[in-house]
Number of protein chains: 2
Amino acid sequence: MLSKKTKYGLKALTFIARTEGDSPLQVAEIAKNEQIPQKFLESILLTLRKSGILGSKKGKHGGYYLRQPSEEILMTDVMRVLEGPIAMVPCVSLNYYEKCDDCVDEDTCSVNKLMLQVRDSTLNVFRNTTLADLSRPKD
Amino acid sequence: MLSKKTKYGLKALTFIARTEGDSPLQVAEIAKNEQIPQKFLESILLTLRKSGILGSKKGKHGGYYLRQPSEEILMTDVMRVLEGPIAMVPCVSLNYYEKCDDCVDEDTCSVNKLMLQVRDSTLNVFRNTTLADLSRPKD
DNA sequence: CATTAACCCTATCGATTTACTAGGGAATAC
DNA sequence: GTATTCCCTAGTAAATCGATAGGGTTAATG
């Protein structure tokens, strides 16, 4: 299951991409429009900012904005920040590889074999989808 | 993250597919060979049996066996039993569709749009992988 | 320079899920 | 009829999730 954090994060990013103008967008406005608990959203946008996807401006008339054009924001990066590693087991993770504690032999491990394929196909989707793609209405 | 239940279940199924002979395999033997807590494995094999993937025989010399040749056991079925719906959000689930409680409009929802693609690509892997594929040593 | 509006940060908390474990019942081979 | 094996229900410790609380810091504005 996708976490609420990821769901809210994606919705917020899409909202920003769709309505971004000259001035940054405030948490309260995003929360209201996308029906997201404001305090929760605040913490999510904060992690997106710390990861470099969003920028922020403090004080009156402050808010959040995209650091790059939405066409250049890849889902691989967004999903890693929001949901964590894309692989479903650490032993097939590109960025966070770790040997499974309970695995005897990776070469004969069926879990490894299957999850490697799932990772590749999922990665293929995320690498070929940008925030701009998600921001367009459905075909 | 993949649950231990799914991991153990896949390993057990692979073990059965690899070593199946005339007589069924006992929980204790599978648990020992695959390093799985026996009582936990017992409950996992039980759900696999209830779902029709495994058959069982009680009493002395009892145990578990595949109900079909491993070439005919698809990962779509196995994964649905062990891990639940393949879709990461209910609104893109084929078998368990449900409207997301927090979604205003599915047609413009970016989460829906992205997860639909992920579901399709994952499903494509599971539909084209059988237990026999997983049971062969790595290429 | 005071006030207000906004982001920034830490801590906490209830509910749910996960990964097991306990304990016994029911069927079958011998 | 007894040992062996699967069958079933409950329970539980630990982790994670989804959110909330409460205040600190920064910047615009008059």
Side-chain angles (χ1 to χ4, degrees), chain A residues 1-12 16 22-32 34-67 82-85 88-90 100-102 111, chain B residues 1-12 16 22-32 34-67 81-85 88-90 100-103 111:
Chain A
M1 269 292 151
L2 205 67
S3 66
K4 292 260 186 184
K5 182 183 175 187
T6 303
K7 257 174 135 172
Y8 292 158
L10 283 172
K11 287 187 179 205
I16 296 173
D22 289 341
S23 52
L25 288 170
Q26 290 148 24
V27 177
E29 194 188 346
I30 305 170
K32 193 178 139 214
E34 296 292 333
Q35 323 241 47
I36 303 171
Q38 180 164 341
K39 271 290 191 180
F40 193 15
L41 180 58
E42 215 174 312
S43 73
I44 296 168
L45 296 185
L46 216 49
T47 68
L48 283 168
R49 198 220 58 186
K50 283 182 184 164
S51 77
I53 293 170
L54 289 177
S56 70
K57 195 163 169 270
K58 285 186 194 171
K60 211 169 190 175
H61 304 147
Y64 290 97
Y65 53 88
L66 302 177
R67 300 271 313 260
L82 292 173
E83 192 74 5
M88 308 238 302
V89 278
C100 291
D101 47 345
D102 52 5
V111 176
Chain B
M1 269 291 152
L2 206 67
S3 68
K4 293 260 187 185
K5 182 183 174 187
T6 303
K7 255 174 136 171
Y8 292 158
L10 283 172
K11 287 188 179 204
I16 295 173
D22 289 341
S23 52
L25 288 169
Q26 289 147 24
V27 176
E29 195 188 345
I30 304 170
K32 194 178 138 214
E34 297 291 333
Q35 323 240 50
I36 303 170
Q38 181 163 342
K39 269 291 191 180
F40 193 18
L41 180 58
E42 215 174 312
S43 73
I44 296 167
L45 296 185
L46 215 49
T47 68
L48 284 167
R49 198 222 59 187
K50 283 182 184 165
S51 77
I53 293 170
L54 290 177
S56 70
K57 195 163 169 267
K58 286 184 191 172
K60 208 169 191 173
H61 303 147
Y64 289 95
Y65 53 89
L66 303 177
R67 301 270 315 258
V81 169
L82 292 173
E83 193 73 5
M88 308 237 302
V89 277
C100 291
D101 47 345
D102 51 6
C103 188
V111 175

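Per chain, numbering begins at 1; letters A, B, ... match sequence-line order. Worth knowing before you read on, the calculation uses all heavy atoms, side chains too, and leaves out hydrogens, waters and symmetry mates. What you are looking at is a predicted structure, and each value in this text was computed from that prediction instead of being measured.
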Next item on the list: Going 5' to 3' through nucleotides 16-29 of chain D, assign each nucleotide B (protein heavy atom under 4.0 Å from a base atom), S (under 4.0 Å only from sugar-phosphate atoms) or - (no protein heavy atom that close).
Entry: --SSBBBB--BSSS
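Nearest heavy atom pair, residue B:K5 against residue B:V81, reads NZ-O, 4.5 Å. Here the closest non-hydrogen pair linking A:L2 and A:K7 is CD2-CG, 4.0 Å. Between B:G52 and B:R67, the closest heavy-atom pair is O-CG, 3.3 Å. When all heavy atoms of B:A12 and B:L45 are compared, the pair lying nearest together is CB-CD2, 4.0 Å.
The nucleotide range of DNA chain C contacted by chain B, defined by atoms under 4.0 angstrom from heavy atoms of the protein and reported 5' to 3', is C:dA19 to C:dC30.
When side chains are defined from C-beta on, B:P24 does not count as touching B:Y64, because their heavy atoms never get closer than 4.5 Å. Looking at A:T6 and B:V111, their side chains never come closer than 4.5 Å, going by heavy atoms from C-beta outward.
B:K7 comes within 4.0 angstrom of no nucleic acid atom, judged by non-hydrogen atoms across all strands.
For the atom pair NZ of B:K4 and CD1 of B:I44, the computed distance is 10.5 Å after rounding to the nearest 0.5 Å. Taking CD from A:Q38 and CD1 from A:I36, the interatomic distance works out to 10.5 Å, rounded to the nearest 0.5 Å.
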